[in-house]
Amino acid sequence: MKLTIKDLTRTYKNKLALNNLSTELTPGVYGLIGPNGAGKTTLMRMLAHVLRPSRGSILVNGENIQSMNERYRALIGYLPQDCGFYGYFTAHRFLHYMAALKGIPKREAGPIIDRLLDKVNLAEHRRHKIKTFSGGMKRRLGIAQALLNDPQLLILDEPTAGLDPKERVRFRNLLSAISGERIVILSTHIISDIEYIAKEVLLLKQGELVRQDTPAAILTELSDKVWTMTIPPELLPQLEQQHIVGNLHRTGSELEVRVIADERPAPHAVLQPPRLEDIYLYYFGEPASEEEL
C-alpha cells in the first residue's frame with residue numbers, strides 16, 4: 001500500500017491550519033510530532049475522511065480517496081483525540097456495536113473482539129460498563145475499536161494519552177508487531193512513544209511539514225550540539241537567553257542543565273548524544289512536557 005499526500009491545504013476562516021503538505025508513506029510506523037496548533041489533528045482528520053481539504057489530494061495506490069468513498073473507509077482504522085462512548089454500554093457490547101457499523105459479520109466479530117480485548121488488557125473488564133472505566137481504560141478501548149477491521153491504514157491521534165508507563169510500553173510493542181503490512185500514523189506529544197518504533201518522524205510546525213526522515217538521520221543534525229553542564233541557579237536566565245535549555249536537575253545548591261548550542265556553552269560543558277526530545281526543542285523552541293521526558 002502507498003499513501004500519497006499532495007499539496008494538502010486546509011483553512012478555517014482566515015486561519016491556515018495546514019499549508020501545502022506533500023509526502024508519501026509506505027507500510028511502517030510514522031511518528032507525527034509538533035506543538036499544539038501545528039496541524040497534526042487537522043491532517044489526521046483529513047486522512048480519516050472526516051474533514052475535506054481546502055486544496056490538494058490524498059491518494060491510495062494512485063486513486064483519490066474522494067472517489068473511493070466506502071472502499072477507503074474499509075481500509076482505515078481511526079482513533080480520534082476525543083473518542084466518545086456510550087457510558088451504559090459494556091466494553092464487549094460497544095465493540096460489537098462498532099463492528100456492526102464497520103460491516104463485520106456478527107459470527108466473525110466475536111473472536112476478533114475477544115482477541116483485541118486481550119491485546120489491550122481489557123479482557124477481564126469486558127462486561128463492565130464504560131462509565132466505570134478510567135481515562136486510560138477508555139483510551140485502550142478506543143484503540144481496540146480502531147483495530148476491529150484489521151485496517152491497512154491506522155490513524156491514531158494521541159493514542160497513549162492517559163495510559164500509565166507500563167500500558168504505553170505494551171501499546172508500543174503492539175504497534176511495532178502489527179506494522180509490517182500496514183501504514184501506522186501516530187500523533188503524540190510523548191516523544192518516547194515513537195523514539196524506538198518509528199520508521200520515520202514527520203515534524204509539523206505552523207501547518208507545514210518542516211522535516212521527514214528516520215529518527216537516526218534527524219538525530220545526526222544535533223550530533224555535536226547537545227551539552228550538559230552545572231551552573232548556579234542565578235545564571236539560568238542568562239543561559240536561557242543565549243541558548244536552548246532543556247532538562248533541569250537540581251543537585252544540591254546548583255542546577256544540572258541540558259543545553260543545545262552550536263559551540264561549547266562553557267568550558268566545563270560535556271558533549272552528550274542527542275535524543276528526539278532535543279530535536280523537539282531544536283525545531284519548536286519549547287521544552288517537551290514532563291510526561292515526554
Side-chain angles (χ1 to χ4, degrees), residues 29 31-32 40-41 44-51 69-190 192-194 197 291:
V29 178
L32 186 62
K40 302 187 300 298
T41 293
M44 302 191 99
R45 288 178 55 122
M46 285 193 281
L47 291 174
H49 210 206
V50 297
L51 186 67
N69 287 322
E70 292 302 320
R71 286 188 295 120
Y72 178 68
R73 292 189 182 93
L75 295 177
I76 67 173
Y78 176 46
L79 175 64
Q81 197 169 30
D82 298 309
C83 189
F85 296 98
Y86 296 112
Y88 56 88
F89 274 21
T90 64
H92 186 261
R93 184 183 174 192
F94 170 74
L95 290 179
H96 269 284
Y97 171 71
M98 294 303 298
L101 291 180
K102 294 186 180 194
I104 302 172
K106 189 174 182 179
R107 65 182 179 278
E108 296 177 17
I112 294 171
I113 288 168
D114 289 343
R115 185 168 62 251
L116 286 174
L117 284 171
D118 185 60
K119 277 189 175 182
V120 300
N121 202 26
L122 285 175
E124 64 184 64
H125 303 284
R126 56 188 287 123
R127 302 296 181 186
H128 296 175
K129 290 187 176 180
I130 297 172
K131 66 182 179 182
T132 67
F133 284 11
S134 67
M137 291 169 71
K138 289 178 181 177
R139 209 67 188 151
R140 283 184 273 151
L141 184 59
I143 292 165
Q145 71 78 26
L147 290 169
L148 273 170
N149 58 324
D150 193 23
Q152 293 183 45
L153 171 59
L154 185 58
I155 304 161
L156 304 170
D157 196 354
E158 300 287 348
T160 58
L163 301 187
D164 64 34
K166 184 177 179 180
E167 290 173 330
R168 280 165 42 203
V169 170
R170 183 188 182 100
F171 176 68
R172 289 200 300 263
N173 290 342
L174 171 63
L175 280 191
S176 188
I178 67 173
S179 64
E181 299 300 322
R182 76 186 84 215
I183 297 170
V184 179
I185 304 173
L186 167 65
S187 162
T188 184
H189 280 94
I190 305 171
S192 59
D193 282 345
I194 60 172
I197 66 170
E291 193 175 11

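Along the sequence shown, the residues carry numbers beginning at 1.
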Notebook entry, point to check: What pairs with R139 under salt bridge (Lys or Arg N to Asp or Glu O under 4.0 Å), at least two apart in sequence or on another chain?
Noted result: none
Note to self: Under the rule for salt bridge (Lys or Arg N to Asp or Glu O under 4.0 Å), what residues qualify as partners of E158, not counting sequence neighbours?
What the structure shows: none
Margin query: My understanding is that only residues two or more places apart in sequence, or in another chain, count here; which of them pass ring-ring contact (aromatic ring centres under 6.0 Å, His included) with F89?
Written below: Y86, Y97
Notebook entry, point to check: Shortest non-hydrogen contact from I197 to S176?
Noted result: CG2-CB, 4.1 Å
Check: Sequence neighbours excluded, which residues qualify as side chain to side chain donor-acceptor pair (under 3.5 Å) partners of E108?
Finding: none
Got a list of side-chain donor-acceptor pairs under 3.5 Å for residues 141-148, not counting sequence neighbours?
unit_1: Q145; atom_1: NE2; unit_2: Y78; atom_2: O; d: 2.9
unit_1: Q145; atom_1: NE2; unit_2: G142; atom_2: O; d: 3.2

Checklist line | Any donor-acceptor N/O pair, D157 side chain to M44 backbone, under 3.5 Å | finding: no
Checklist line | All pairs passing salt bridge (charged side-chain N to carboxylate O under 4.0 Å, His left out) where residues 111-122 contributes a residue, at least two apart | finding: D114-R126
Notebook entry, point to check: If we only count heavy atoms from C-beta on, is the R172 to V169 side-chain gap below 4.5 Å?
Noted result: yes
Checklist line | Close side-chain approach of D164 and E167, heavy atoms under 4.5 Å | finding: yes
Notebook entry, point to check: Would a 4.5 Å heavy-atom cut-off, applied to side chains only, mark I130 and T90 as touching?
Noted result: no
Note to self: How long is the straight-line distance from CE of M46 back to CD1 of I155, given to the nearest 0.5 Å?
What the structure shows: 11.5 Å
Note to self: Can you pull out every salt bridge (charged side-chain N to carboxylate O under 4.0 Å, His left out) where at least one residue sits in residues 87-98? Sequence neighbours excluded, please.
What the structure shows: none
Item checked: G87 versus K129, closest heavy-atom pair with distance -> O-CB, 3.7 Å
Next item on the list: Report the distance from atom CG of L95 to atom CG of L116, rounding to the nearest 0.5 Å.
Entry: 7.0 Å
Margin query: Under the rule for side chain to side chain donor-acceptor pair (under 3.5 Å), what residues qualify as partners of R182, not counting sequence neighbours?
Written below: D150
Item checked: Pairs involving residues 100-128, ordered by first then second residue, that meet ring pair (Phe, Tyr, Trp, His ring centres under 6.0 Å) (sequence neighbours left out) -> H125-H128
Notebook entry, point to check: Once you round to the nearest 0.5 Å, how far does CG of L47 lie from CD1 of I183?
Noted result: 9.5 Å
Next item on the list: Sequence neighbours left out, what passes salt bridge (Lys or Arg N to Asp or Glu O under 4.0 Å) with E70? Give chain and number order.
Entry: R73
Next item on the list: Measure across V184 and S179 and return the closest heavy-atom pair with its distance rounded to 0.1 Å.
Entry: CG2-CB, 4.2 Å
Margin query: Any non-hydrogen side-chain atom of V120 less than 4.5 Å from a side-chain atom of F171?
Written below: no
Next item on the list: Find the distance between CD1 (I112) and CG (L117) and round it off to the nearest 0.5 Å.
Entry: 12.0 Å
Check: Just how far is it from atom CD1 of I76 to atom CD1 of I185, taken to the nearest 0.5 Å?
Finding: 10.0 Å
Note to self: When you compare the side chain of P151 with that of L154, does any pair of heavy atoms fall below 4.5 Å?
What the structure shows: yes
Note to self: Please find the pair of heavy atoms, one from S187 and one from P159, that lie closest to each other, and give the distance.
What the structure shows: O-CD, 3.3 Å
Checklist line | Between OG1 on residue T160 and CG on residue D193, distance to nearest 0.5 Å | finding: 3.5 Å
Margin query: Checking N121 now: which residues fulfil side chain to side chain donor-acceptor pair (under 3.5 Å) with it, not counting sequence neighbours?
Written below: none
Note to self: Please enumerate all residues that pass side chain to side chain donor-acceptor pair (under 3.5 Å) together with R107, with sequence neighbours excluded.
What the structure shows: none
